[in-house]
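Quick notes on the structure that follows.
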2 protein chains.
Amino acid sequence: MKTLLENIAKHVELTNEEQESVLSLIETDHYKAKTILLEEGKICTHSFFVLKGILRSYTIDENGVEHVMNFACPGWWIADMYSFLSQRPGQLFIETNEEAEVILLSKENQEKLYLQVPKMERFFRILIENSLIANQQRLIDNMTFTAEARYDKFSKKYPELVNCLPQKQIASYIGVTPEFFSKMKARLLKK
Amino acid sequence: MKTLLENIAKHVELTNEEQESVLSLIETDHYKAKTILLEEGKICTHSFFVLKGILRSYTIDENGVEHVMNFACPGWWIADMYSFLSQRPGQLFIETNEEAEVILLSKENQEKLYLQVPKMERFFRILIENSLIANQQRLIDNMTFTAEARYDKFSKKYPELVNCLPQKQIASYIGVTPEFFSKMKARLLKK
DNA sequence: TGAAGCCCTTAACCTAGATTAAGAAATGTT
DNA sequence: AACATTTCTTAATCTAGGTTAAGGGCTTCA
């Protein structure tokens, strides 16, 4: 539980009472590996804050191929932002890789939180800003870099992830097939 | 000037006084075709609201190739969000296509505005949310659709733009070379 | 009005990455 | 321990889209 308040403290300062408000509006849950927390076509009613384990969001295209949009490690938030903000059916799945512990904040309670602790509006605005910036950068990278350069950037940015995710998920995140990813890695080792 | 207040009214209701506050903190400017309003490596000190004409943002990669990130028609905002939010040098150019009329809001004045008219914080939060959603969708489209499908989606979403932008800019936005775009269009006509 | 650029098109050829297939390694399950 | 399942690798073949090059039709500006 501590990590959520720590995470909030990075951006806004809360009094003890305000912290209590936050804690009163969230739930904590525990999931087994490969549990699906959100499915395509469903409304994303909660956003998730990871305490333990790794979650990922992805779409499945018309050929049944999975495309990883985001990973979330402990200390990160994850949701289908389109669906969460608009409260309409979205296209993302959210799933645990390993056993995970997660804090849930429902859309409803988020709105209560805005009323009880207006500072939290600022907090979530900053999260969304950072998310927008990261997304924009990823778009630029996808349009301007080769797969090899994207992998290089990924492994420098998330060294913890490189060794604890299945390769096919990393391949999907950087936008190539697992076969090509494997070939690429072999090529890189030769250098 | 009217269009800015109309645009704001879509998301938040302002009193007359609050409207005056907004108007007192913005500037209006007029630019000739192909004027560069922001350059790579510079800090994005203003965000732009288009009244007339079309602006676009783009990066230039290491091979000198331009990649269009966004277009902005009348009634749209545009900025290098990374640079504008962090006030650090960014990588985007922003440029007019045709002669244009633009409202400028400086980062400084935006912050004054938040103090004078707290509702505006909500307004900009909504803009950023929409921007995030659009960006996320574009990432998904780039990862899951073929160039032809992306063009199809683009021309349905922005029919006004298809006929008033140089083709090479549309090609760049959807992520292909002008030559391939030309070939693709010829192929589509045959059907 | 004419030269200098753009922009668009077409076509031949090239390449990053996809697809298919099949075996090897790791992992989970009983 | 043994089976099934999933993941990773390698290799052959294929393709969406890139590159290079060349010609023609536009603007634009002297």
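Chain letters run A, B, ... following the sequence lines, proteins first, then strands; residues in each count from 1. Computed from a predicted structure; not experimentally measured.
- Evaluation of the ring pair (Phe, Tyr, Trp, His ring centres under 6.0 Å) rule for B:F84 yields no partner, not counting sequence neighbours.
- Note that the first and last nucleotides of DNA chain C, 5' to 3', having any atom under 4.0 angstrom from a heavy atom of chain B are C:dC7 to C:dT10.
- In terms of the side-chain contact (heavy atoms from CB on, under 4.5 Å) criterion, A:A9 has no residue partners (sequence neighbours excluded).
- A search for side-chain hydrogen bond (donor to acceptor under 3.5 Å, both in side chains) contacts involving B:D152 returns B:K156, not counting sequence neighbours.
- Remark on the helix from C:dT1-D:dA30 to C:dT30-D:dA1: inter-end axis angle 50°, axes from five-pair C1' superpositions, rounded to 10°.
- The ring pair (Phe, Tyr, Trp, His ring centres under 6.0 Å) analysis of residues 106-137 of chain B, with sequence neighbours excluded, yields the pairs B:H11-B:F123, B:W77-B:F124.
- Sorted by first and then second residue, the pairs that involve residues 47-64 of chain B and meet side-chain hydrogen bond (donor to acceptor under 3.5 Å, both in side chains), not counting sequence neighbours, are B:R56-B:E66, B:R56-B:N97, B:Y58-B:E95, B:D61-B:H67.
- Among residues two or more places apart in sequence or in another chain, the ring pair (Phe, Tyr, Trp, His ring centres under 6.0 Å) test is passed with A:Y151 by A:F181.
- Among residues two or more places apart in sequence or in another chain, the ring pair (Phe, Tyr, Trp, His ring centres under 6.0 Å) test is passed with B:F180 by none.
- The side-chain hydrogen bond (donor to acceptor under 3.5 Å, both in side chains) analysis of residues 35-45 of chain B, with sequence neighbours excluded, yields the pairs B:E39-B:K42.
- By the side-chain hydrogen bond (donor to acceptor under 3.5 Å, both in side chains) test, B:Q116 is found to be paired with B:S21, residues two or more places apart in sequence or in another chain being considered.
- Contact check of residues 166-183 of chain B against DNA chain C (heavy atom, cut-off under 4.0 Å) returns B:P166, B:Q167, B:K168, B:E179, B:S182.
- Of all heavy-atom pairs between A:D141 and A:K153, the closest is OD2-NZ, 2.8 Å.
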